Protein chains: 2
Amino acid sequence: MSGVRNPGLLAWLYMMRVSNKIHRTSADHLEKYDLTAAQFDVLAHLSVKEGISQQALSERLLVTKGNVCGLIDRMESRGLVSRCSHPEDRRLNLLYLTEAGKALAARAVPAHEEFLERQMQHLSAQEQRNLYTLLRDLDRSLD
Amino acid sequence: MSGVRNPGLLAWLYMMRVSNKIHRTSADHLEKYDLTAAQFDVLAHLSVKEGISQQALSERLLVTKGNVCGLIDRMESRGLVSRCSHPEDRRLNLLYLTEAGKALAARAVPAHEEFLERQMQHLSAQEQRNLYTLLRDLDRSLD
DNA sequence: TATTGTTATACTCTATAACTATA
DNA sequence: TATAGTTATAGAGTATAACAATA
């Protein structure tokens with residue numbers, strides 16, 4: 001009576017299905033702002049905390065510094081992000097949003113966060129909290 | 001006292017973190033079998049149900065038929081999968097595992113499923129069941 | 001006409017590894 | 001020596017759209 005035998009595997013399979021589905025609809029939604037999911041993540045991170053290094057950003061985004069370099073290249077060439085040498089350690093590039101980047105973030109970040117919350121609102125508020133708690137605990141244990 | 005205000009958004013962010021982390025370790029694990037995650041999914045699907053069309057597989061994997069075509073090209077050239085024309089509707093390619101494909105599936109699928117279950121076993125059995133139920137319900141509501 | 005699969009194109013993301021500049 | 005960033009390379013996945021064969 002305790003349910004299925006391999007709930008972990010099933011949880012993983014459904015996690016893949018849900019994240020794939022939301023990824024696709026997210027990509028459609030972000031097209032309005034001419035952003036990819038990875039670029040949105042950069043914008044969302046920098047709008048919370050500017051002035052971090054590329055290395056620090058790569059650790060937050062869980063990708064390599066080489067990828068961040070290319071990502072920032074594309075966003076810098078579009079005038080959304082700027083690199084500034086750290087005054088005391090010139091190996092570091094500190095990342096800032098330009099005015100255009102801030103303006104885009106002000107439009108795109110709240111709108112896309114609302115979009116994401118709408119996807120999750122098929123679950124009740126209590127279910128969303130339970131899901132959040134389970135995934136947060138799982139995330140912490142995966143380090 | 002009901003907890004955070006935007007549990008849906010937080011649940012989504014942690015779902016991304018967890019699935020990214022497990023994806024990366026999965027990719028490492030699948031290297032033993034010289035498989036990518038997408039190729040593993042094909043193998044796992046066909047080892048449960050052979051003889052489906054490329055179109056049907058693309059719907060199960062949630063990708064376009066063009067992608068399935070390239071994916072099957074690579075797996076066919078490695079001798080893992082074969083295409084057979086449907087006898088009554090020659091537009092359809094029915095997909096089958098070759099003997100080599102079956103042998104690889106017999107090794108890789110159980111091993112990788114165990115690997116995935118180990119990742120989830122940081123949660124208790126009851127938590128895994130809760131997580132599975134929440135994600136299954138969310139998946140169904142996203143159609 | 002509609003459907004299945006193929007092909008061509010293009011872009012993003014990803015990893016790896018060698019390289020430069022700086023500390 | 002060690003660290004941050006850059007560059008080059010390679011590969012996978014994705015989408016789109018035009019095309020051929022078949023129904």
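Residue numbers start from 1 in every chain, and the chains themselves are labelled A, B, ... in the order their sequence lines are given, proteins ahead of strands. Note that these values count all heavy atoms, side chains included, but never hydrogens, waters or copies made by symmetry. If you're wondering where the values come from, they're calculated on a predicted model, not measured in any experiment.
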### Query
A:Lys65 or A:Pro87: which one's nearest nucleotide on DNA chain C is closer to the 5' end?
A:Lys65
#### Entry: N/O (side chain, B:Thr36) to phosphate O (OP1/OP2, D:dG13) under 4.0 Å
yes
### Query
Between the side chains of A:Asn67 and A:Thr64, is a donor N or O closer than 3.5 angstrom to an acceptor N or O?
yes
### Query
Is the closest side-chain donor-acceptor distance between A:Arg118 and A:Gln121 under 3.5 Å?
no
### Query
How is A:Gly66 classified with respect to the nucleic acid when contacts are heavy atoms under 4.0 Å: base, sugar-phosphate, or nothing?
base
### Message
Can you see if the side chain of A:Asn67 gets near the phosphate of C:dT16 - specifically, an N or O under 4.0 Å from OP1 or OP2?
### Response
no
### Closest nucleotide among C:dT14, C:dG5, D:dA4 to the B:Arg24 side chain
C:dT14
### Query
If only side-chain N and O atoms of B:Gln39 are considered, is one of them under 4.0 Å from the OP1 or OP2 phosphate oxygen of D:dA12?
no
### Message
Both A:Glu31 and A:Asp73 contact DNA chain D. Taking the nearest nucleotide for each, which residue is further toward the 5' end?
### Response
A:Asp73
### Minimum-distance nucleotide (side-chain atoms of A:Val63 versus D:dG13, D:dA15, C:dA15)
C:dA15
### Query
Can you tell which of C:dT16, D:dA15, D:dA4 lies closest to the side chain of A:Thr64?
C:dT16
### Message
For D:dA4, does the base pair up with any side-chain atom of A:Asp89 as donor and acceptor (N or O, under 3.5 Å, distance only)?
### Response
no
### Query
Are B:Lys21 and A:Asp143 within salt-bridge range, i.e. N to O under 4.0 Å?
yes
### Query
Quick one: B:Leu92 CG to D:dA20 C1', roughly how many Å, whole number?
15 Å
### Query
Given atom CE of B:Met75 and atom C1' of D:dG13, what is their separation to the nearest angstrom?
15 Å
### Task
Using the closest heavy atom to pick a nucleotide of DNA chain C for each, name whichever of A:Arg74 or A:Arg90 lands nearer the 5' end.
A:Arg74
### Query
Rounded to the Å, how far apart are A:Ile72 CD1 and D:dT7 P?
14 Å
### Rounded interatomic separation in angstrom, taking CG from B:Leu57 and P from C:dT4
14 Å
### Query
For B:Asp73 and B:Arg83, what are the C-alpha separation, side-chain angles and deciding distance, and is it a salt bridge (charged side-chain N to carboxylate O under 4.0 Å, His left out)?
CA-CA 10 Å; B:Asp73 281 348; B:Arg83 292 166 154 108; 3.1 Å; yes
### Message
Expressed as a whole number of angstroms, how long is the span from A:Leu35:CG to C:dC11:C1'?
### Response
15 Å
### Separation of atom NE2 in A:His23 from atom P in D:dG13, rounded to whole Å
16 Å
### Task
Indicate yes or no: at least one non-hydrogen side-chain atom of A:Leu35 is less than 4.5 angstrom from one of A:Arg78.
yes
### Query
In whole angstrom, what separates A:Asn93's CG from D:dG5's P?
6 Å
### Query
Between the base of D:dT3 and the side chain of A:Arg91, is there any donor-acceptor pair under 3.5 Å?
yes
#### Entry: B:Leu61 CG - D:dT14 C1' separation (whole Å)
13 Å
